[in-house]
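Report on the following structure.
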Amino acid sequence: MTTADKPFTAKNFSNALGLSCVSFAPAELMEQMLGVKIGAATVCGVLMDKENLVQVVFDKNVLFEEWYGCSDGRTTGYISSNQC
C-alpha cells in the first residue's frame, strides 16, 4: 500500500523486501482468495484470506497522509477515512 502519487516499481519494491523479484498473481486467484476483482482490492480485503496467505506491505509515507482512501470491495465504490 502506498500513496496515490507514488509510482509503483516492482524492482524497488522487491529490493525493499530483500527479494530477488516479485510477480502478480492471476486475477482469478485474487478473486478466489479475497473475493474481489482487480481494481477493487483493499487492505480490508485481507480479512477474507482465511488461510493467511496474503501479506500486506505499507509504504511508510502512508502514515504521513491526512486521509486514507480505498475501494469498498467493488470496482465502482470508494471510501475514505480521516486517520486518528
Side-chain angles (χ1 to χ4, degrees):
M1 226 171 105
T2 190
T3 57
D5 61 343
K6 185 173 183 177
F8 175 80
T9 307
K11 182 178 179 181
N12 293 346
F13 181 69
S14 61
N15 287 342
L17 296 178
L19 303 170
S20 59
C21 67
V22 294
S23 61
F24 294 93
E28 297 81 21
L29 183 59
M30 186 172 100
E31 191 168 354
Q32 177 186 355
M33 292 174 67
L34 302 180
V36 296
K37 296 185 180 300
I38 295 294
T42 169
V43 67
C44 298
V46 297
L47 297 173
M48 299 301 292
D49 176 19
K50 304 297 183 202
E51 298 178 34
N52 296 318
L53 299 173
V54 177
Q55 180 180 5
V56 178
V57 179
F58 284 85
D59 183 319
K60 65 181 175 184
N61 291 334
V62 172
L63 299 175
F64 301 118
E65 294 294 319
E66 181 179 357
W67 291 90
Y68 167 76
C70 68
S71 166
D72 65 355
R74 298 173 293 163
T75 56
T76 57
Y78 192 77
I79 57 175
S80 64
S81 174
N82 188 300
Q83 294 181 349
C84 299

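Positions are given from 1, in the same order as the sequence printed here. Computation of the quantities below employed the complete heavy-atom set of this structure, encompassing side-chain atoms and omitting hydrogens, waters and symmetry-equivalent molecules.
- Ring planes of F8 and F13: tilted class, angle from 30 to 60°.
- Remark: E65 CD to T2 OG1 distance equals 9.0 Å, nearest 0.5 Å.
- Heavy atoms of other residues, nucleotides or ligands lying less than 6.0 angstrom from CE of M48 number 12 at most.
- Note: L34 CG to L29 CG = 8.5 Å, rounded to the nearest 0.5 Å.
- A pairwise comparison of heavy atoms in S14 and S20 identifies OG-O, 4.2 Å as the closest pair.
- Criterion: ILVMFWY side-chain heavy atoms under 4.5 Å apart, direct or through other members. Under it, M1 and L17 are not part of a common hydrophobic cluster.
- From E28, atom CD reaches atom NZ of K37 across 9.5 Å, with rounding to the nearest 0.5 Å.
- Residues F24 and V22 share a hydrophobic cluster, clusters being chains of Ile/Leu/Val/Met/Phe/Trp/Tyr side chains in contact below 4.5 Å.
- Grouping the Ile, Leu, Val, Met, Phe, Trp and Tyr side chains by contacts below 4.5 angstrom, directly or via other members, places V56 apart from L47.
- The NZ atom of K11 sits 14.5 Å away from atom CG of L19, with the distance rounded to the nearest 0.5 Å.
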